[in-house]
Participant: 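Structure below; questions to follow.
Convention: sequence-line order gives letters A, B, ...; per-chain numbering from 1.
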Amino acid sequence: MKSIEEQLAIIKRGVVELISEDELAAKLKEGRPLRVKWGADPSAPDIHFGHSVILHKLRQFQDLGHRVIFVIGDFTARIGDPSGQSKTRKQLTPEEVEQNAQTYKEQVFKVLDKNATEVAYNHNWLSKLNMNEIFELLSKYTVSRMLERDDFMNRFEKERPISIHEFLYPLVQGYDSVEVKADVEVGGTDQKFNMLVGRELQRDYKGKSQVTLVMPQVVITMPLLEGTDGVQKMSKSLGNYIGVTEPPSEIYGKIMSISDTLMRRYYELLTEVPLGEVKAMHPKQAKQRLARTLVARFYSDQAAAAAEAEFESVFKEGKLPQEIELISLPKKEMNIVDLLAETKLAASRTDARRLIRQGGVSVNEQIVKDDKLSVNLSGERLIKVGKRKFLRIRHG
RNA sequence: GGAGAGAUAGCAAAGUGGUUAAAUGCACCUGACUGUAAAUCAGGCGGCUUAUGCCUUCGGAGGUUCGAAUCCUCCUCUCUCCA
């Protein structure tokens, strides 16, 4: 096992806050595997690189010999976490939650070590609480303290709605920490408040029931990763995300299209590569290495190499991708506008005309200038829209 | 329970009877330049047709008017203040 100092150095990379370092050091000194909690709200079935910042941190803990307690908030998902939300999140049905939780598990183990992970569903204990216990839990916090919280405050000031039940979320999540006897909890900065509540509840519940914690959990907040636009946080709804299940070529391409500034950020939060090394490299080389590293993590070295070769060929040398989807259409001859709309290469017929007018459409490498062009489909035709949409079409 | 404010396109935000398919910014799309980077420039950004129009949009439903996002009524939702 590595020394305390070495462990701390690894753990501290990229974190925003570590509350507190002394406590963490003390826990590490005990020499036992720590129980590192990560709570996930199964409302978004697709894990993206933003989540993987935290997963990566958890993996580091595992590599240091600690255990991850993956708490699936199947119960809390039905409440809806207010964190960072500008409006009330919709509540999910039990079926949706279950399905999402499964997907979550599959994806999480692309990063986490399955053997060092415990999976827990919080309905197992939350659904058993009786009214007395719920009131006991509620009595441990006050409305004004709840309102101190940034995101509630923001919503309050922006005159956005806050539902009462959302107040329950931090308490319930904090209670999870009591139940799973967490030594450490890792989450996004948006989770700081919830995690701190966990600390306090662990203290409050100490001695009660079977809980015997020496020290309440250490809280580690990780930054919210900026999305591919480099400004807003990565999220599915903003469309600026890279999903861990996306094909290698997509991941590679998306990484290559991020800005240089963002690249350094991704290096820091998603890899172990020393940042000095990155600085010394040519930006494009560095970005390619990042793209390779990340594709390799979710797929394989071969997949990464293939994605890189393809990328170079298509975008540097202007060649065609290795694999282009081939579809068959019933007609032998079609107007280009109909064709684009039919194949969804353009959002609408108007959009198709627009793209043609702007010189963004080509058939067999010939730029289409006339939107009345009739495309003969007796042979295979290659349609290209913009720089990255390719499709082979034939009659059949 | 009482008084008031507000709901406009992906988001933010103008517009208070016609010249508004609806300013502006962001996001997004296409082209140029590149390292498919950033920055910049040009264009676009409801739909259907074409270059002439037509149709559908401003929380929902009705109404007034030659004509409404703009006025009236009701409904839904949100917020503020008072209790």
Participant: For atom C1', what is the distance between B/A68 and B/U57, given to the nearest Å?
Facilitator: 13 Å
Participant: Does B/A83 have a Watson-Crick or wobble partner in any strand here, with both distances under 3.5 angstrom, and which is it?
Facilitator: none
Participant: Calculate the interatomic distance between A/E226 atom CD and B/A38 atom P; express it in whole Å.
Facilitator: 15 Å
Participant: When you compare B/A69 with B/G17, how far apart are their C1' atoms, in angstrom units rounded to a whole number?
Facilitator: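 Rounded to whole Å, the distance is 11 Å.
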Participant: Taking a pair as Watson-Crick or G-U wobble with both distances under 3.5 Å, which nucleotide is matched to B/U78?
Facilitator: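 Here B/U78 is engaged in a pair, and the nucleotide opposite it is B/A5.
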Participant: Any side-chain heavy atom of A/I19 within less than 4.5 Å of one from A/V218?
Facilitator: no
Participant: May I ask you to say what A/I258 touches in the nucleic acid, namely base, sugar-phosphate or nothing, with a heavy-atom cut-off under 4.0 Å?
Facilitator: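 A/I258: backbone/sugar contact only, no base atoms under 4.0 Å.
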Participant: Less than 4.0 Å between a side-chain N and a carboxylate O, is that true for A/R67 and A/E118?
Facilitator: yes
Participant: Give none if B/U64 has no partner; otherwise give the nucleotide forming a Watson-Crick or G-U wobble pair with it, both distances under 3.5 Å.
Facilitator: none
Participant: Quick one: do A/E272 and A/R59 make a salt bridge, cutoff under 4.0 Å?
Facilitator: no
Participant: Write down the distance separating the P atoms in B/A83 and B/G6, rounded off to the nearest Å.
Facilitator: 24 Å
Participant: Considering Watson-Crick and G-U wobble pairs with both distances under 3.5 Å, what does B/A38 pair with?
Facilitator: none
Participant: Checking base pairs now: Watson-Crick or wobble, both atom distances under 3.5 Å. What partners B/C54?
Facilitator: B/G47
Participant: Show, in sequence, the C-alpha distance, side-chain angles and deciding distance for A/F49 and A/F298, and conclude whether the ring pair (Phe, Tyr, Trp, His ring centres under 6.0 Å) test is met.
Facilitator: CA-CA 11 Å; A/F49 279 31; A/F298 296 106; 5.3 Å; yes
Participant: Check this for me, if you would: do A/E268 and A/K12 make a salt bridge, where the nitrogen-to-carboxylate-oxygen distance has to be below 4.0 angstrom?
Facilitator: no
Participant: Over how many whole Å does the gap from A/L340 atom CG to B/C29 atom C1' extend?
Facilitator: 14 Å
Participant: What one-letter contact string describes nucleotides 44-58 of chain B from 5' to 3', where B marks a base within less than 4.0 Å of any protein heavy atom, S marks contact via sugar-phosphate atoms alone, and - marks no contact?
Facilitator: SS-SBBB--------
Participant: To the nearest angstrom, how far is A/M263 atom CE from B/G35 atom C1'?
Facilitator: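 It works out to 11 Å between those atoms.
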Participant: In whole angstrom, what separates A/K387's NZ from B/C28's P?
Facilitator: 14 Å
Participant: Check whether A/E277 reaches the backbone of A/P274 with its side chain - one donor and one acceptor, N or O, closer than 3.5 Å.
Facilitator: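 Flag not set: sc A/E277 to bb A/P274 has no pair under 3.5 Å.
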Participant: Using atom NZ of A/K389 as one end and atom P of B/C29 as the other, report the distance to the nearest whole Å.
Facilitator: 9 Å
Participant: Rounded to whole angstrom, note down the C1' distance from B/A39 over to B/C33.
Facilitator: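 It works out to 11 Å between them.
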Participant: Please report, rounded to the nearest Å, how far the P atom of B/G35 is from the NE2 atom of A/H282.
Facilitator: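 Taking NE2 of A/H282 and P of B/G35, I get 8 Å after rounding.
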Participant: In plain terms, say whether A/E200 and A/K140 are close enough for a salt bridge, that is, a side-chain N and a carboxylate O under 4.0 Å apart.
Facilitator: no
Participant: When both hydrogen-bonding distances must be under 3.5 Å and the geometry is Watson-Crick or G-U wobble, what is B/U16 paired with, if anything?
Facilitator: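 With both distances under 3.5 Å required, B/U16 matches none.
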Participant: What's the CG-P distance between A/L262 and B/A39, to the nearest Å?
Facilitator: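 Distance, rounded to whole Å: 12 Å.
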Participant: Without decimals, in angstroms, what is the distance between A/I367 CD1 and B/U30 P?
Facilitator: 14 Å
Participant: Check A/R32 with A/D183, please: is the shortest side-chain N to carboxylate O separation under 4.0 Å?
Facilitator: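 Salt bridge flag = yes for A/R32 with A/D183.
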Participant: Closest nucleotide of RNA chain B for A/V361 versus for A/R388: which of these residues is on the 5' side?
Facilitator: A/V361
Participant: Which nucleotide, in any strand shown, forms a Watson-Crick or G-U wobble pair with B/A27, with both distances under 3.5 Å?
Facilitator: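 Paired with no nucleotide.
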Participant: Using the P atom on both, measure B/A5 against B/U73 and round to a whole Å.
Facilitator: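 Between the two P atoms, the distance is 13 Å.
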